[in-house]
*Asks:* 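Okay, handing you the structure first.
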Amino acid sequence: MRHPGPRTPRRPRTCGAKVGRAAGCPTGLRRSGSLSGFSKRRGSGIRGQVQSRGLIMHDIRAIRENPAAFDAALSRRGMSGLSAEILALDEARRAQILAAETGKAELNKLSRQAGAAKASGDTAQFQALSESASLRKAMIANGEKLAADLDTRLRDMLMGIPNLPLAEVPDGRDEADNLEIRRWGNPRNFDFTPKEHFEIAGVLPGMDFETAAKLSGSRFVVLKGAVARVHRALAQMMVDTHVEDHGLTETWTPVLVKEEAMYGTNQLPKFAEDSYQTTNGWWLIPTSEVTLTNSVAGDILEEARLPIRMTAHTQCFRSEAGSAGKDTTGMLRQHQFEKVEMVTICTPETALAEHERMTGCAQAILEKLGLPYRTIVLCTGDMGFGAQKTHDLEVWLPGQQKYREISSVSTCGSFQARRMNARFRPASGGKPDFVATLNGSGLAVGRCLIAVLENGQQADGSVDLPAALHPYLGGKTRITADGALA
RNA sequence: GGAGAGGUGGCGGAGUGGUCGAUCGCGCCGGUCUCGAAAACCGGAGUGGGUGCAAGCCCACCGUGGGUUCGAAUCCCACCCUCUCCGCCA
C-alpha cells in the first residue's frame, strides 16, 4: 500500500474503483480546480475571476475585529499566532479586489456607452468606445488574476487552521490533561484473570484474523457464527434505540463520496493520508459523519426544520497511517469497521444543549448493555481538528484493565457549516446564518463487541451476553465455551 | 453502455447578444379592507463579496469550467448532473 496512486479525477464512472492510499500530498488536492466545485454551490456567488470566494472557514471579519482573541484561542491548541499573517493577506486581497472591481466597473460603463452609441447609429463614437474598452480590458486582466490568487491563498490558509476551542474546554497538551466528568457502572470483580477478547475460548472460533490476513492483510478480521451474530445484534440494537428512544432519523448513506464532501467535514485538506481514495477520485468515508453532515451542504434550511437529528449504521474505512504498531492484536483498530453514527444539524444557540443530549444518547447504549464507562472532556490539545468541544466515552475493558475510547461526541459550531456553506433562515426573519453541526459515535460497533465479550466472559471461557441483546439473538443469552450461541 | 430531452430565483415557468439579477404565476412577508379570517387591492422580498459612519454605490452569480464579443442567461467548446426509452445488472 505504498503506491499513492496517481489522482485521476475525471475518469468514466465505469472504471473499476480500485483503491489506493491517498496521496499524502494535500497540495495536489487544493488546487482551485477541485476546491471550486464545492465552494461554488448555487447562490454562493463565486467565480474564479475577480470575485472573492466569499465564504471562508474561519470568520475573517471576526479575525479582523479581534485578532488577539483569535490568536489566544489558537495558542490554547498549541499554535502560534497566525492573525498577523492572515490579516496581511486579507488586506492585500481586499486592496487587489478593490482595484480589479474598479477597473471592471469602468469597463462595464464603457460597454454600456458603446451599446448606446451603436443603438443611436453613431458609428465613429461606437468605434472609439469599443477600442477604449478593449484597452481597459487588457489592463485589468492581470489585476483580476492577482485578486483571485490572493483570495485562494487566504482561503487555503484558513482551511488548514483548526476550530477554536470553547472557553469552557480545559487547557492541556495531550490526553493526560483530559477531564473526567462522569463515571458509570462498576468494573466487575473477576475471580479469575480476565482475558482479552481474542483470547476468550468461546470467541476463538468466531474471530478469524488468519483468514482476514489472507484476504486483506493486517488490521482486518473475519467474524463467524455467534460472534458475527452478536456484532450484528449490537448494531441493530443501537440503531433501534436511537430511533425509538432518542428520536433520531434512521439514515442510510453511500460510503463513497466526492472530494468536496471530505473538505466539508475537514478530512481534507490536512488528513488525506488517513483515508482511502479510489482511482476515479471518490473517497471511502472514515465515518458517516461525512455523509450525514454533508447532506445539508449548500442548503438554506428553514429554522422550523431544525434540529435535524440523524443516525446511520455504516462501514468506515481508515488507513490508520499514524498508528503503526498500536493495538495490533485483536480487533480494536481495523482498517474497516462498523459504526453507528449520530449527526445533528441545529442552530448555534442550541448546539451545546444538543451536545449534552447526544452524549446522553451514546451513554444510553453503554448503560443498556451494562458496560462500565467514563465520560471525559477532551482538553484543547487532544481535540480533533474540527471540534469546539468534545466528550469521549471510554468503556472498561477487563482484558486490558483499562478504559478505552468507544465514542467521541463533538460540537463543531459553525466550522463545518462554513466549509459546506450550510445555513438556516432564522424564524424571526433576517439573513441566513450558518448552522451548527455535531457528530458522535453511538457507538463504534467493533469496539462495543470487544467490550461485551470481555465484560461478559466467564471462567470457563463462555460469555454471558447483555439482556438488551437477547431479543436480537433469537432469545439466546450466551456464547458457550466452544463458540456456540445458546 | 446506447438513443433522446433538459438544467433559470422557495416552486412553476418566460426569456436566444445591449440597464436582465432577470417578465409572469404560485408561495412568502408587510399594509389596506374586516369583529376576525378569506377574497380583493397596494407594497416588499435572492446570495456572496468590495467600499462607506450611514443612506447608498460597485463587482459577481441563470448546472460547472473555459472561449468569442466593447457587451453573454442568451453564441461556441468541454465537463457534470437530472429525466425518458433500450440494453445490462445486485
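Lettering follows sequence order; numbering is per chain, from 1.
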*Asks:* NZ of A/Lys118 versus C1' of B/U19: gap in Å, rounded?
*Replies:*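 Taking NZ of A/Lys118 and C1' of B/U19, I get 17 Å after rounding.
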*Asks:* Say we look at B/G25 and B/A78: how far apart would their C1' atoms be, to the nearest angstrom?
*Replies:*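 These two C1' atoms come out 36 Å apart once rounded.
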*Asks:* Please give the distance between the P atoms of B/C83 and B/U8 as a whole number of Å.
*Replies:*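 The answer is 14 Å between these two P atoms.
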*Asks:* Using atom C1' of each nucleotide, how far apart are B/U82 and B/G27 to the nearest Å?
*Replies:*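 Comparing C1' positions in B/U82 and B/G27 gives a spacing of 24 Å.
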*Asks:* Work out how far the P atom of B/C26 is from that of B/C79, and round it to whole angstrom.
*Replies:*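 To the nearest whole Å, 42 Å.
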*Asks:* Whole angstroms only, please: what is the CG-P distance between A/Asp122 and B/C70?
*Replies:*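 Answer to the nearest Å: 18 Å.
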*Asks:* Please measure how far the C1' atom in B/A37 lies from the corresponding atom in B/G50, and state the result in whole Å.
*Replies:*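 Looking at atom C1' only, B/A37 and B/G50 are 47 Å apart.
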*Asks:* Which part of the nucleic acid, if any, lies within contact of A/Leu129, taking any heavy atom under 4.0 Å across all strands shown: a base, the sugar-phosphate backbone alone, or nothing?
*Replies:*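 The answer is nothing, as A/Leu129 stays clear of every strand by at least 4.0 Å.
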*Asks:* Hey, does the side chain of A/Asn108 come within less than 4.0 Å of B/U19's phosphate (OP1/OP2), counting only N and O?
*Replies:*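 It does not, given that no N or O in the side chain of A/Asn108 lies less than 4.0 Å from OP1 or OP2 of B/U19.
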*Asks:* Does B/U51 have OP1 or OP2 sitting under 4.0 Å from an N or O in the side chain of A/Arg94?
*Replies:*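 Answer yes for this pair, as a side-chain N or O of A/Arg94 is under 4.0 Å from OP1 or OP2.
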*Asks:* If I compare all heavy atoms of A/Thr390 with all of A/Ser410, which pair ends up nearest, and what's the gap?
*Replies:*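 Here A/Thr390 and A/Ser410 meet closest at OG1-OG, 2.7 Å.
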*Asks:* Would you kindly give the CG-to-C1' distance between A/Leu110 and B/U19, to the nearest whole Å?
*Replies:*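 Spelled out: CG on A/Leu110 to C1' on B/U19 is 15 Å.
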*Asks:* Closest heavy-atom contact between A/Arg229 and A/Gly474?
*Replies:*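 Nearest pair, atom of A/Arg229 first, then A/Gly474: NH2-N, 3.5 Å.
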*Asks:* Taking only side-chain nitrogens and oxygens of A/Lys258, does any of them come within less than 4.0 Å of OP1 or OP2 of B/C80?
*Replies:*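 A/Lys258 to B/C80 OP1/OP2: no side-chain N or O under 4.0 Å.
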*Asks:* In whole angstrom, give me the gap between the C1' atoms of B/C61 and B/C20.
*Replies:*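 Per the computed distance, 13 Å lies between those C1' atoms.
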*Asks:* Tell me whether the OP1 or OP2 atom of B/G50 has a side-chain N or O from A/Arg61 closer than 4.0 Å.
*Replies:*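 Result: yes.
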*Asks:* Checking all strands, does A/Ala114 fall into the base, sugar-phosphate, or nothing category for heavy-atom contacts under 4.0 angstrom?
*Replies:*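 Answer is base: heavy atoms of A/Ala114 come under 4.0 Å of a base.
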*Asks:* Nearest-Å distance, CG (A/Leu107) to C1' (B/A72)?
*Replies:*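 Checked: the CG to C1' distance equals 13 Å.
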*Asks:* Counting only side-chain nitrogens and oxygens, does A/Lys137 get under 4.0 Å of the OP1 or OP2 atom of B/C70?
*Replies:*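 For B/C70, neither OP1 nor OP2 has a side-chain N or O of A/Lys137 closer than 4.0 Å.
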*Asks:* Check this for me: does any side-chain nitrogen of one of A/Arg153 and A/Asp149 sit under 4.0 Å from a carboxylate oxygen of the other?
*Replies:*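 Result for this pair is no, no salt bridge flagged.
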*Asks:* Below 4.0 angstrom from OP1 or OP2 of B/G10, is there any side-chain N or O of A/Arg425?
*Replies:*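 The answer is no; no side-chain N or O of A/Arg425 sits under 4.0 Å from OP1 or OP2.
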*Asks:* What heavy-atom pair brings A/Ser275 and A/Met262 nearest, and what distance separates the two atoms?
*Replies:*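 Heavy atoms only, the tightest pair is OG-CE, 3.6 Å.
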*Asks:* Can you find a donor-acceptor N/O pair under 3.5 angstrom joining the side chain of A/Glu302 to the base of B/G10?
*Replies:*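 Side chain to base: no pair below 3.5 Å.
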*Asks:* With pairs taken as Watson-Crick or G-U wobble and both distances under 3.5 angstrom, which stems of at least three consecutive pairs involve RNA chain B?
*Replies:*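 The stems are B:1-7 with B:80-86, B:10-12 with B:24-26, B:28-32 with B:40-44, B:46-51 with B:56-61, B:63-67 with B:75-79.
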*Asks:* Starting at the 5' end of RNA chain B, which residue's closest nucleotide do you reach first, A/Lys109 or A/Glu131?
*Replies:*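 First, find each residue's nearest nucleotide; the 5'-ward one identifies A/Lys109.
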*Asks:* Round to the nearest Å and state the distance from A/Leu98 atom CG to B/C59 atom P.
*Replies:*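 After rounding, the gap between these two atoms is 12 Å.
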*Asks:* Are A/Glu320 and A/Arg219 within salt-bridge range, i.e. N to O under 4.0 Å?
*Replies:*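 Between A/Arg219 and A/Glu320 there is no salt bridge, as every charged N stays at least 4.0 Å from the carboxylate O atoms.
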*Asks:* When the distance from CD1 of A/Ile97 to P of B/G52 is rounded to whole Å, what number comes out?
*Replies:*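 The distance from CD1 of A/Ile97 to P of B/G52 comes to 13 Å, rounded to the nearest Å.
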*Asks:* Testing the basics here: between A/Gln315 and A/Val255, what is the closest heavy-atom pair and its distance to 0.1 Å?
*Replies:*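 Smallest heavy-atom distance, with atoms named: O-CG1, 3.9 Å.
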*Asks:* Take atom CD1 of A/Ile140 and atom C1' of B/C58, then tell me their distance rounded to the nearest Å.
*Replies:*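 In whole Å, B/C58 C1' lies 13 Å from A/Ile140 CD1.
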*Asks:* Give me the distance, rounded to whole Å, that separates B/U68 from B/U16 when you measure between the C1' atoms they each carry.
*Replies:*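 Nearest-Å result for B/U68 against B/U16 at atom C1': 16 Å.
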*Asks:* Name the nucleic acid region contacted by A/Arg64, choosing base, sugar-phosphate or nothing; use a 4.0 angstrom heavy-atom cut-off, strictly under.
*Replies:*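 Since only primed, P, OP1 and OP2 atoms lie under 4.0 Å of A/Arg64, the category is sugar-phosphate.
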*Asks:* If you check every side-chain atom of A/Lys104, which of B/G49, B/G18, B/A60 has the closest atom?
*Replies:*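 Of the candidates, B/A60 comes closest.
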*Asks:* Find which nucleotide of RNA chain B each of A/Ala95 and A/Glu106 is nearest to by heavy atoms, and output the residue with the more 5' nucleotide.
*Replies:*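 Nearer the 5' end of the strand: A/Ala95.
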*Asks:* Is the distance between the ring centroids of A/Phe198 and A/Phe209 less than 6.0 Å?
*Replies:*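 Not under 6.0 Å, so no.
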*Asks:* Can you tell me, in whole Å, how much space there is between the C1' of B/U69 and that of B/C89?
*Replies:*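 Nearest-Å result for B/U69 against B/C89 at atom C1': 49 Å.
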*Asks:* Please report the distance, rounded to the nearest Å, between CD in A/Glu303 and C1' in B/G10.
*Replies:*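 A/Glu303 atom CD is separated from B/G10 atom C1' by 17 Å.
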*Asks:* Between B/G18, B/G48, B/G50, which nucleotide gets closest to the side-chain atoms of A/Arg423?
*Replies:*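 Nearest nucleotide to the side chain: B/G48.
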*Asks:* With sequence neighbours excluded, what pairs up with A/Ala417 under the side-chain contact (heavy atoms from CB on, under 4.5 Å) test?
*Replies:*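 Testing A/Ala417 for side-chain contact (heavy atoms from CB on, under 4.5 Å), a comparison that skips the adjacent residues, returns A/Ala422, A/Phe434, A/Val435.
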*Asks:* A/Leu146: which residues meet the side-chain contact (heavy atoms from CB on, under 4.5 Å) condition with it, sequence neighbours left out?
*Replies:*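 Counting only residues at least two positions away or on another chain, A/Leu146 forms a side-chain contact (heavy atoms from CB on, under 4.5 Å) with A/Gln96, A/Asn142.
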